[in-house]
Protein chains: 4
Amino acid sequence: MPVKPKWERLADHIRGQIESGELAPGDQLPSTVQLKAQHGVSTTVVRQAILVLQTQGWVQGVHGLGVFVADR
Amino acid sequence: MPVKPKWERLADHIRGQIESGELAPGDQLPSTVQLKAQHGVSTTVVRQAILVLQTQGWVQGVHGLGVFVADR
Amino acid sequence: MPVKPKWERLADHIRGQIESGELAPGDQLPSTVQLKAQHGVSTTVVRQAILVLQTQGWVQGVHGLGVFVADR
Amino acid sequence: MPVKPKWERLADHIRGQIESGELAPGDQLPSTVQLKAQHGVSTTVVRQAILVLQTQGWVQGVHGLGVFVADR
DNA sequence: GTGGTCTAGACCACG
DNA sequence: GTGGTCTAGACCACA
């Protein structure tokens with residue numbers, strides 16, 4: 001029985017936080033290290049989740065600073 | 001008529017803040033850039049003031065972080 | 001698709017200015033602060049770019065004075 | 001009295017380990033995280049040390065794997 | 001007021 | 001979980 005990959009569930013989780021307003025445009029997401037610890041996943045899972053959210057325009061990564069919720 | 005050099009007056013000023021408790025042990029001093037602006041002096045003056053306070057044991061510079069009031 | 005690092009692009013830019021004669025031997029490069037502002041990058045990127053140009057012999061940094069185009 | 005920069009002392013240390021045979025060609029160096037912890041320095045210092053050793057041909061970094069002592 | 005060193009900690013690319 | 005890039009901003013050494 002197929003299960004959603006971990007990165008997809010993590011992406012869904014963060015997307016939900018944005019849609020609910022828990023994370024507002026301009027807010028900084030927890031760092032990748034924090035997300036790893038909070039969700040008990042690996043770097044790759046976090047990166048993949050962030051990546052899809054970036055390509056979908058939900059968040060934007062700024063090198064050396066962090067990942068931020070995009071203005072829409 | 002001889003006047004105290006600027007760096008000595010600045011050092012006196014900071015030492016006074018420490019002695020009065022305005023700056024407590026472990027507190028971070030304003031950055032060199034801030035001290036320059038606040039007192040209208042050059043880099044050299046600030047550095048010289050910090051230098052004498054360091055050699056006298058009042059403060060301690062930590063590379064990349066800042067200058068801190070020493071424990072006594 | 002591979003992207004060149006910022007420091008490499010900056011180094012290429014400066015090297016190009018030297019090869020084109022826009023910057024002649026003995027000329028002073030813009031200061032690190034100016035380069036940061038002009039290219040919208042951080043200290044590290046500028047330093048890294050200057051560093052490789054120094055090791056390749058294109059420029060020479062003189063402490064307290066500036067960075068200069070080397071004689072070749 | 002001139003003090004060597006931290007990155008240079010670290011580079012010297014590693015180069016010494018290679019010359020003494022403590023680190024043989026093909027051996028993997030400690031990870032950057034370990035080097036940071038072992039020597040109590042920041043990322044920049046470790047990277048700078050590795051960088052010069054790479055440019056001098058002592059070691060070779062392989063992305064995603066580690067840094068290895070080069071064959072000579 | 002310049003170049004040089006350094007910290008803390010972030011994201012990015014790769015295996 | 002590694003190496004590599006990057007930010008912001010600090011002190012240090014020199015002229």
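What you are looking at is a predicted structure, and each value in this text was computed from that prediction instead of being measured. To find a chain, count down the sequence lines: A is the first, B the second, and so on, and within it residues start at 1.
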Taking pairs as Watson-Crick (N1-N3 plus N6-O4 or O6-N4) or G-U wobble (N1-O2 and O6-N3), each distance under 3.5 Å, the stems of three or more consecutive pairs with DNA chain E are E:1-14 with F:1-14
Partners passing side chain to side chain contact (heavy atoms under 4.5 Å, CB included) against Q60(D) (at least two apart in sequence or in another chain)
none
Write down the distance between CG (L53(B)) and P (dC12(F)), rounded to a whole number of angstrom.
12 Å
I need the full list of ring-ring contact (aromatic ring centres under 6.0 Å, His included) pairs touching residues 13-38 of chain A, with sequence neighbours left out, sorted by first then second residue.
H13(A)-H39(A)
Expressed in angstrom and rounded to an integer, what is the separation of F68(A) atom CZ from dG9(E) atom P?
16 Å
Please name all residues satisfying side chain to side chain donor-acceptor pair (under 3.5 Å) with S31(A), sequence neighbours left out, ordered by chain then number.
none
The criterion is salt bridge (Lys or Arg N to Asp or Glu O under 4.0 Å); which residues satisfy it with D27(D), sequence neighbours excluded?
none
Side chain to side chain donor-acceptor pair (under 3.5 Å) partners of K6(B), counting only residues at least two apart:
none
Could you write nucleotides 1-6 of chain E as a row of B, S and -, 5' to 3', where a protein heavy atom under 4.0 Å of any base atom gives B, of only sugar-phosphate atoms gives S, and otherwise -?
BBBBBB
Give a yes or no answer on whether the side chain of Q28(D) reaches the backbone of V69(D) with a donor-acceptor pair at less than 3.5 Å.
no
Side chain to side chain donor-acceptor pair (under 3.5 Å) involving E19(B) - partner list, sequence neighbours excluded
none
In whole angstroms, how far is the C1' atom of dC12(E) from the CG atom of L51(A)?
10 Å
Residue pairs passing the ring-ring contact (aromatic ring centres under 6.0 Å, His included) test with at least one member in residues 47-72 of chain B, sequence neighbours excluded, are none
